Amino acid sequence: MPLRVVYLYRNLTRNLSRTLLTCCAVALPMTIYVLSMAVIKGIDRFLDNSAKQLRLVVGHKTSIINPLPRGHRAKIEALDPTHQRIMSICGVRWIGGTVQNEPHPLSTLAVEPDTFAQTFSDYYLTTEEMADWQRNRQAIIVGRATAQRFHWNVGDRIQINPSVPPYTPFEFKVISTAPKAIDPITNICRLDYLEELTKQAVTIVPEDWKLQGWVSFFFVKCGSQADVDHFRVAIDALFAHSPDETRTQDEKTFINEFIKQQFDLPRNLMILASLTVFVAIMAAANTMSMNLRDRMNETAILKSLGFSGRVIFGLIQTEGLALCLSGGLVGALTPYVLFTYSPLRNFTVPLIQTLEIQPIVCVQAMGIALVIGMLASAWPAWVGLRLPVISALRNLE
Amino acid sequence: MALPLYYNWRNLQRRKLSTTLTFIVVTVVVVVLCVLLSFTAGIRASLAATGTNLNLIVLKPGATAESTSVLVPDEIGRLVQTPGIALGSDGSPLMSRELCVQTTVPRRLSARDKEPAPANVAIRGVDPIAFDLHREVRIIDGRSFQSGTMEIVVGKAAHDRYEHTNIGDEIVLGRMENRIYKVVGVFDAGGATFESELWAPRTSISDSYLRRFDSSVVMRLQSVAATKAAVEFINGPTVQLEAKPEPQYYEDLSKKTQDIVVLSTILVSIMAMGAIFAVANTMFATVDGRRREIAMLRTIGFGKWAILVSFVVESLLICVSACSVGLVLSLLAGGVKQDFLSDTTWTVLAFEMKITPGILVAAFMLSVIVGVFGAITPALRASRMRIIDALRKA
């Protein structure tokens with residue numbers, strides 16, 4: 001056994017430049033694989049969290065931009081007089097917004113303040129933050145990635161120009177950066193503050209478009225998955241044939257619909273990841289075939305000395321595995337270290353913004369690297385196994 | 001004296017497997033580059049084809065798109081005083097009031113869909129004058145709608161992508177989904193974003209969606225030189241709205257695609273580096289396997305430069321031919337229909353993936369870079385080989 005290890009080590013180091021180049025040629029596709037999977041897993045985590053929250057999203061049946069009357073909330077609440085199946089309902093208005101001299105639009109929602117904390121318990125507001133939220137109409141919870149981008153801290157007074165009427169700048173006080181929230185970009189402010197400013201606005205806006213008492217969506221927190229399934233149908237049935245019919249979806253389906261309309265990032269990244277794995281297989285197979293070709297004489301001598309075909313097969317396979325595993329290790333650990341410990345951790349990615357590379361993705365990548373090694377060395381190992389000694393020795397130079 | 005190209009070609013054939021595997025690696029990298037860039041090119045082409053510098057688009061200050069802009073009749077009335085505004089044949093200002101709303105329409109089923117996915121599609125309520133301002137819009141099938149009726153015309157891209165958009169189909173619209181519009185025509189807009197939209201009479205849409213205001217006004221100027229004065233007037237205290245030349249408005253909307261460009265560049269750069277290592281590996285093996293041959297070439301009078309250039313040319317032969325195959329494969333992606341949801345307008349933009357000349361040049365440059373960088377170190381090693389040592393070892 002030690003002899004084989006020594007032989008393997010010698011083989012890997014006898015042409016160091018080839019070994020290093022192959023490692024790099026496998027490592028770089030593995031880096032792309034890890035990055036792609038990190039984005040896909042990030043989106044999955046986002047969706048899984050939505051599924052776990054047992055929330056329904058109630059929007060207007062005809063379009064997401066048509067508002068719903070806030071009166072719908074009481075009617076939905078009345079579907080469950082016990083309050084055991086519908087835990088809470090929170091009306092939400094999208095206001096988008098921009099920061100002065102920064103063209104990139106923000107994601108800002110104005111929410112009904114009384115039920116926000118209960119409906120969105122995954123924001124994990126502290127008691128102090130909750131008190132601030134209830135006390136101050138100008139309170140805003142900013143997404144941690146957004147806070148980082150604009151250097152906003154808790155206690156700061158900030159200005160956001162809404163993308164909807166009254167269009168005039170709103171002043172807010174940051175009460176939290178929601179460090180534990182799964183959504184790192186969305187800002188949350190109070191709907192009563194928005195309505196008050198819109199009511200008082202001097203900007204010319206039609207009365208019916210000041211949207212007093214209207215919301216974009218209702219988020220309905222249910223008690224169990226069975227309740228989610230039940231009320232998804234029941235809410236739409238309640239408002240059927242009314243002036244404001246609804247379209248109710250569970251939160252995961254609702255978000256997934258947006259993701260699919262934005263380039264279907266998970267699907268396209270999966271295609272890219274598969275292609276990069278293919279590239280790595282080609283690169284590794286190239287090296288292994290070159291190694292076999294260069295050592296054909298040597299293999300013939302080994303066989304003539306009595307080493308069996310199985311031993312030769314094992315040696316070539318092990319070499320391929322060791323080579324690709326080293327590449328996989330470097331390819332997986334480099335992005336992990338860079339995106340966890342270096343300033344690159346602030347790098348933003350569409351949809352999920354913060355790129356969090358989980359160790360499990362790195363382990364997966366190394367597993368794939370092993371499979372690449374196996375596949376890449378399969379043919380050379382097979383040739384080694386079947387090598388006819390006499391004819392190989394006849395070709396000895 | 002340079003080595004003949006035929007020499008390189010024969011050498012590549014001697015190592016068929018190695019050459020093929022390297023060829024495949026470079027081909028895949030070129031295909032990935034082209035496909036990623038064709039997304040951006042498609043969106044940009046669609047947005048760039050929209051509008052003319054002679055048209056100004058007027059929105060409420062602060063609104064990031066037409067879908068969130070609210071203009072009331074008072075404000076629109078003040079716009080007729082804009083200096084430099086063009087007049088129509090009847091002497092009235094060329095000004096189009098437009099109302100943008102949205103509806104959810106199922107996509108046409110594709111092979112991989114189990115059920116039609118919904119798309120958020122823009123509906124533009126316009127008066128007949130809109131066709132005088134958006135001159136790129138022309139009916140290619142059927143006819144235009146008649147004012148005041150429940151008729152609708154659909155953009156070519158929308159017609160290709162969404163259900164209920166054939167001529168004669170009925171599409172249910174309205175805030176309460178209680179107005180049945182009949183599709184009477186399909187229009188082309190030279191690839192502009194309008195092709196993703198449905199157009200209907202403004203008054204009908206206004207009534208169907210209970211809107212008593214407009215979203216935007218598009219006005220034609222007498223000349224591009226009048227733009228500055230017109231924008232200053234509209235943005236100034238008299239009107240207090242926000243005007244932009246149409247191309248600038250659509251250019252702003254295309255900024256979202258910057259994210260894709262950045263992401264594509266990072267991913268392709270990493271893949272290209274991988275390809276460089278793969279090429280270098282092959283070329284090192286080539287040099288090692290031909291030490292005696294290189295020494296012989298040097299002995300019979302070929303200089304260091306000839307050897308160096310020969311190896312770089314050999315690498316370029318692999319990379320450029322792989323690039324050609326990659327480009328041919330990528331061309332299959334050209335014209336593939338996609339759509340994406342803008343987070344500014346909240347409507348989908350249907351576009352065709354485009355392989356532009358710029359992308360072809362970028363792919364070619366990438367293959368040259370991979371070829372040269374992959375070959376340069378092995379080629380240097382070959383050219384610096386000591387003749388006596390090489391002959392002795394051989």
Side-chain angles (χ1 to χ4, degrees), chain A residues 15 17-18 21-22 24-29 31-32 35-36 60-66 96 98 103-105 107 161-168 203-206 208-209 242-245 247 257-258 260-263 272 275-276 278-280 282-283 285-287 289-290 293-294 349-350, chain B residues 15 17-18 21-22 24-25 28-29 31-32 39 60-65 67-68 70 72 74-75 101-104 117-120 173-177 209-213 252 255 259-260 263 267 270-271 273-275 277-278 280-282 284-285 288-289 338-341 343-344 346 348:
Chain A
N15 192 337
S17 57
R18 180 180 294 177
L21 286 169
T22 310
C24 292
V26 173
L28 289 166
T31 300
I32 297 186
L35 293 176
S36 304
H60 201 283
K61 186 182 172 188
T62 55
S63 162
I64 52 170
I65 63 157
N66 283 338
T98 50
H104 206 88
S107 167
N161 304 325
S163 309
V164 296
Y167 306 110
T168 48
T203 320
I204 305 170
V205 175
D208 58 348
W209 201 241
S242 76
D244 292 292
E245 289 193 62
R247 179 169 183 244
E257 222 167 68
F258 278 95
K260 285 202 163 168
Q261 289 190 73
Q262 292 200 317
F263 296 116
L272 183 75
L275 280 176
T276 55
F278 177 73
V279 165
M282 293 294 113
N286 194 8
T287 301
S289 69
M290 286 189 296
R293 186 190 155 108
D294 292 353
V349 176
Chain B
R15 290 175 171 260
L17 183 65
S18 207
L21 291 172
T22 313
I24 293 173
V25 169
V28 172
V29 173
V31 170
V32 170
F39 271 102
K60 183 77 98 187
T64 42
S67 51
T68 55
V70 173
V72 293
D74 270 7
E75 293 168 318
V101 290
Q102 299 174 6
T103 193
T104 308
N120 217 34
L173 300 176
R175 173 131 167 75
M176 296 171 209
E177 268 200 336
Y209 283 87
L210 311 177
R211 300 279 170 98
R212 292 184 290 113
F213 54 84
D252 289 349
K255 280 190 178 133
D259 290 348
I260 310 163
L263 204 63
L267 293 175
I270 298 175
M271 280 186 90
M273 279 165 67
F277 290 126
N281 215 352
T282 305
F284 269 124
D288 284 343
Q338 293 280 334
D339 59 42
F340 95 109
L341 181 77
D343 60 2
T344 311
W346 295 111
V348 287

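Naming: A, B, ... by sequence-line order, numbering from 1 per chain. The model shown is predicted, which means the values in this text are computed figures rather than measured ones.
- No other option in A:V26, A:V164, A:D244 has as many heavy-atom pairs under 4.5 Å with chain B as A:D244.
- A:K61 NZ to B:E177 CD: the interatomic distance, rounded to the nearest 0.5 Å, is 4.5 Å.
- Side chain of A:Y167 to backbone of B:V70: a donor-acceptor contact under 3.5 angstrom is found.
- Two residues are said to be in side-chain contact when any heavy atoms from C-beta on lie closer than 4.5 Å; B:M271 and A:T276 meet this criterion.
- In terms of non-hydrogen atom pairs under 4.5 Å with chain A, the most contact-rich of B:A275, B:A278, B:A63, B:A65 is B:A63.
- Side-chain atoms of A:S63 do not come within 3.5 Å of backbone N or O of B:T104 as any donor-acceptor pair.
- Minimum interatomic distance between B:F277 and A:C24 (heavy atoms only, all atoms of both residues): CD1-CB, 3.3 Å.
- When all heavy atoms of B:V25 and A:M282 are compared, the pair lying nearest together is CG2-CB, 3.5 Å.
- Proximity to chain B involves both the backbone and the side chain of A:T22, based on heavy atoms less than 4.5 angstrom apart.
- For the residue pair A:S289 and B:L21, the shortest heavy atom distance occurs at OG-CD1, 4.5 Å.
- In this structure, the portions of B:I270 lying under 4.5 Å from any heavy atom of chain A include both its backbone and its side chain.
- The minimum heavy-atom distance between B:T68 and A:P165, with the atom names listed, is O-CD, 4.4 Å.
- Of the two parts of A:N161, neither the backbone nor the side chain holds a non-hydrogen atom closer than 4.5 Å to a non-hydrogen atom of chain B.
- Note that CD1 of A:I64 and OG1 of B:T103 are 11.5 Å apart. Values are rounded to the nearest 0.5 Å.
- Annotation: the span from B:L17 atom CG to A:N286 atom CG amounts to 7.0 Å, rounded to 0.5 Å.
- Here the straight-line distance linking atom CG of A:N66 with atom CE of B:M176 works out to 10.5 Å at 0.5 Å rounding.
- For a residue to count as touching a neighbouring chain, one of its non-hydrogen atoms must lie under 4.5 Å from one of that chain's; by this rule A:P105 touches chain B with the side chain only.
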